[in-house]
Each structure stands twice: as C-alpha cells, then as structure tokens.
Undergrad: 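Please read through the structure below; I'll follow up with questions.
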Amino acid sequence: MRYTTAMVIERLKVKPKNFLFSLNKTYLPDFDPELTLMGGQTFSWKPLSSEGFFLGITQTKAIIAKYKRPYLLWQTFPNRDDFKFIEEYFRIKDDLSKIKTQLSQDPIVGKAVAQTPGLRLLKQPFYETVFSFLLSSNRNIKLIRKSVWLLAKILGRAIKIPGIAQVHLFPTTEAVASARYSQLKEAKVGFRAKFLKLTARAILSARQPTRDLTAYPGIGPKIADCIEVFALGNTYVTPVDVWVKRLLVELYGLPDNKHYLFYKKWLSNRFGYLTAYAGQHLYEWYRGRSRAK
DNA sequence: CGCCAGGGTGACG
DNA sequence: CGTCACCATGGC
C-alpha cells in the first residue's frame, strides 16, 4: 500500500503529574481510542484510569496510550520509546481523512464513517492475533476480552510499570503450547482450549510460517480473514461475521442464504484496497447502532 | 428460562 | 458439494 500524502510525525516528550515515566507525543490528527481499542479488532486493551488512559498488552510489551487531539500520547514497556512499534501498530501513516473521503462515495459507508470518527485500523503482532481470534468463535466481544486478560494473568509474564500495578503480558506461544488444560479452563475459553494448544504447537513445530491460516486447528475462513486484516495488514478483504452479514442483507439487499465467500467477494469487489476500512466502519457503526436500541 | 455471540469441525447424505 | 448438531460460557 502506498501513501502519497506527506505525513507529519512529531516526537515530543511530555511528563504528566503523578506519572513516574514520560510519554511520547506523536501527531495523529484522527483517532478515537474507545472506538479503535475497545471494538472488535483487538481484545488486548482496557481503560486504565478515569483520565482517558488505556493499557494494551502484546507478547513482548505493554503500551500506555491516551489521545489528546491531535496527539497520541504513548509509552512502551519494558523497552521505552519504541516508536517503530507504535508507528506500525497504529498505522500512523494511514491518512484517515483521505480514506474516509474515498469511502464516502458509497452512501451507506459514508453514513457509517460519519458516525464513527477516529476509528482506525490496527496492525497487530501476528501470533497474539491468532490466539485472540481463536477465542472469538461463537462469542461476543466482552467475553473474548475477558478470556484474553485471564490468559495473560494466568500464563503471561509479569512486568512492572512504574507507578502502576504490575502488568501481565499476552502469553507467549510457548506458554500457550505448554499450558495445562486446567489453566485454560480457568480462563473460560471453553471448547477452544484444544484449538489454542494445537495451534500453538503447530506454530512452534513449523519450519516456516503457514501461508494458509485455515490449516491451523480452530481457524476457518472468517477468523483467517480477521488475522489477514488485523495482523497482516491486508486491506483488500474484511471479515464477515454475523453483524456484517446482517447489515449486507438489511442495508444492501443481499440474499441471506449465501456462503461466506459470497459476501466476502462482494465486499472486496465493491471496495477494493479500502475493503478493510469499509468493513470495519460498517461493523462498528452497525453493531453500535443495534446495541443502542 | 431461552437466545445470542467478530465460528469451526466433523458426520452424514 | 450442502446441511446440521455440537462445542462451553456468560450476558441479557
């Protein structure tokens, strides 16, 4: 994917009171942390305090983030100031206003993007995205997030963030592979426990990464697309879950008795390289709207 | 109580 | 190829 718009990325330092570490300050004109971090694309974030701070975990680091328009305030742990990671994770170079302008050629997506300002796509590390979405089958977001944080507490390495209680990182692939079933059950993952262990072992024993993600136990076409978009950065596809299918039937008049590939191809044909952004805005808008009723 | 959730698998015809 | 019961769990 190419970006032709000149991007401005500032790196400044601020130090809020009551914090024992400094924050980096990166120019990011369009970002809503609640929509982006507490929605359906990551389950590894949670609100940290009443002051708008969020805590995120990956297999290797924890992130503190807050949005103060037009800046993203952030810090990484235990290795500080990892700008390369932040730039990739938040897709800082994506020009959201330009993307939204192009997407608004479709009136329905136009309505969606108008009502989900600041929703960005993330590009998350691969393996934790695999495990996160292994937990997603036939469950709602609240429960997925609950299991992720329980897994971290039970299996994840603890690190200390100055001034904040210790934080457990997302479990490593090795930790998932060698976890006891009692530990996985404690994390409320249900029947997905065996998929977690089998997939973790398959990852560790593979000589090279598998191209076909559905080869992993517990990963079918939908979860594979989640990983394609949210970890691999493929913007030409978008996952079709029950909500997306529902809105395609209701708002676009598509038949409701087709298979997964039908809806996926329809979206890709219509939205091209912006399919992932279109799908994510439609999803969060439609889900939020239905939930509010 | 019954239904639903960012589904996948395996058995059966 | 298409259909369908089943999987485990909490929230509503």
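In this text, all values refer to a predicted model and were calculated from it rather than measured experimentally. First the proteins, then the strands, lettered A, B, ... as listed; each starts at 1.
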Undergrad: Measure CG/Leu121(A) against C1'/dG6(B) and give the value in whole Å, please.
TA: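 Distance check: Leu121(A) CG to dG6(B) C1' gives 14 Å.
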Undergrad: Answer yes or no as to whether dG6(B) has its base stacked against Trp243(A), where stacking requires a ring-centre separation under 5.5 angstrom and planes under 30 degrees apart.
TA: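 Stack criterion not met.
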Undergrad: Could you give the NZ-to-C1' distance, from Lys264(A) to dG6(B), as a whole number of Å?
TA: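 So the two atoms are 15 Å apart, to the nearest Å.
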Undergrad: Using a 4.0 Å heavy-atom cut-off, does Val240(A) contact any base of the nucleic acid, only the sugar-phosphate backbone, or nothing at all?
TA: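 Here Val240(A) touches no strand at all.
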Undergrad: Provide, to the nearest angstrom, the distance between the OH atom belonging to Tyr216(A) and the P atom belonging to dT9(B).
TA: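 It is 14 Å, rounded to the nearest whole Å.
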Undergrad: Ile141(A) CD1 to dC4(B) P: how many Å, rounded?
TA: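 Distance, rounded to whole Å: 18 Å.
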Undergrad: Checking side-chain polar atoms at under 3.5 Å, does Thr210(A) have a donor or acceptor matched by the opposite partner on Asp212(A)?
TA: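 No, because no side-chain N or O of Thr210(A) sits under 3.5 Å from a partner of the opposite role on Asp212(A).
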Undergrad: Return the 5'-most residue of the pair Tyr283(A), Gly218(A) with respect to DNA chain B, ranking by each residue's nearest nucleotide.
TA: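 Upstream on the strand: Tyr283(A).
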Undergrad: Rounded to whole angstrom units, what separation is found between the CD1 atom of Ile219(A) and the C1' atom of dG7(B)?
TA: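 Checked: the CD1 to C1' distance equals 12 Å.
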Undergrad: Answer yes or no on whether Lys222(A) is positioned over the face of Tyr260(A), meaning its NZ or CZ is under 6.0 Å from the six-membered ring centre and within 45° of the axis.
TA: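 Not satisfied by the 6.0 Å and 45° rule.
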Undergrad: What class does the angle between the rings of Phe131(A) and Phe170(A) fall in, given that below 30° is parallel, 30 to 60° is tilted and above 60° is perpendicular?
TA: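 The arrangement is parallel - the two ring planes meet at less than 30°.
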Undergrad: Testing Asn269(A), Val244(A), Asp225(A) one by one against Lys264(A) for a side chain to side chain contact (heavy atoms under 4.5 Å, CB included), which residue passes?
TA: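 When side chain to side chain contact (heavy atoms under 4.5 Å, CB included) is applied between Lys264(A) and each of Asn269(A), Val244(A), Asp225(A), only Asp225(A) qualifies.
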Undergrad: Nearest heavy-atom pair of Leu55(A) and Ala62(A): which atoms, and what distance?
TA: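 Result for this residue pair: CD1-CB, 4.2 Å.
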Undergrad: Grab the CG-P distance between Leu213(A) and dG8(B) for me, whole Å please.
TA: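 My rounded result for the distance is 12 Å.
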Undergrad: Should the pair Tyr252(A) and Trp266(A) be assigned to parallel (<30°), tilted (30 to 60°) or perpendicular (>60°) ring geometry?
TA: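 Plane angle over 60°, so perpendicular.
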Undergrad: Would a distance-only check, ignoring hydrogens and angles, find a side-chain to backbone donor-acceptor pair under 3.5 Å from Gln41(A) to Leu122(A)?
TA: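 Between the backbone of Leu122(A) and the side chain of Gln41(A) there is a qualifying donor-acceptor contact (under 3.5 Å).
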Undergrad: What residue among Leu282(A), Val242(A), Ile108(A) forms side chain to side chain contact (heavy atoms under 4.5 Å, CB included) with Leu247(A)?
TA: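 Answer after filtering Leu282(A), Val242(A), Ile108(A): Leu282(A).
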Undergrad: Closer to the 5' end of DNA chain B via nearest nucleotide, is it Thr214(A) or Leu143(A)?
TA: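 By nearest-heavy-atom nucleotide position, the 5'-most residue is Leu143(A).
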Undergrad: For Phe230(A), report the nucleic acid contact type (base, sugar-phosphate, nothing); a contact means any heavy atom under 4.0 Å.
TA: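 Result for Phe230(A) = base.
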Undergrad: With sequence neighbours left out, write down each residue that passes ring pair (Phe, Tyr, Trp, His ring centres under 6.0 Å) with Phe31(A), or none if nothing qualifies.
TA: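 Scan of Phe31(A) (ring pair (Phe, Tyr, Trp, His ring centres under 6.0 Å), adjacent residues dropped) gives Tyr67(A), Phe90(A).
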Undergrad: Can you tell me, in whole Å, how much space there is between the P of dG6(B) and that of dA5(C)?
TA: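 To the nearest whole Å, 23 Å.
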Undergrad: Base contacts versus sugar-phosphate-only contacts with protein, heavy atoms under 4.0 Å: please encode nucleotides 2-8 of chain C as B, S and - from 5' to 3'.
TA: SS---BB
Undergrad: Treating a pair as Watson-Crick (purine N1 to pyrimidine N3 plus N6-O4 or O6-N4) or G-U wobble (N1-O2 and O6-N3) with both distances under 3.5 Å, list the stems of 3 or more consecutive pairs that involve DNA chain B.
TA: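 Correct response: B:2-5 with C:9-12, B:7-13 with C:1-7.
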Undergrad: Under 4.0 Å between a Lys/Arg side-chain N and an Asp/Glu carboxylate O for Arg120(A) and Asp94(A)?
TA: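 No.
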Undergrad: Looking at every strand, decide which applies to Gln280(A) at a 4.0 Å heavy-atom threshold: base, sugar-phosphate, or nothing.
TA: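 Answer is base: heavy atoms of Gln280(A) come under 4.0 Å of a base.
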Undergrad: It should be established whether Lys142(A) places a side-chain nitrogen or oxygen under 4.0 Å from OP1 or OP2 of nucleotide dC12(C).
TA: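 It does, given that an N or O in the side chain of Lys142(A) lies less than 4.0 Å from OP1 or OP2 of dC12(C).
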Undergrad: Tell me what Arg145(A) touches on the nucleic acid: a base, only sugar-phosphate, or nothing, going by heavy atoms under 4.0 Å.
TA: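 It contacts nothing in the nucleic acid.
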Undergrad: Find the distance Leu150(A):CG to dG10(C):P and express it as a whole number of Å.
TA: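 That distance rounds to 10 Å.
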Undergrad: Lys222(A) near the nucleic acid: base, sugar-phosphate alone, or nothing, with a heavy-atom cut-off under 4.0 Å?
TA: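 Base contact - Lys222(A) has a heavy atom under 4.0 Å of at least one base atom.
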Undergrad: How close or far is atom C1' of dC1(C) from atom CZ of Phe262(A), stated in whole angstroms?
TA: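 It works out to 18 Å between those atoms.
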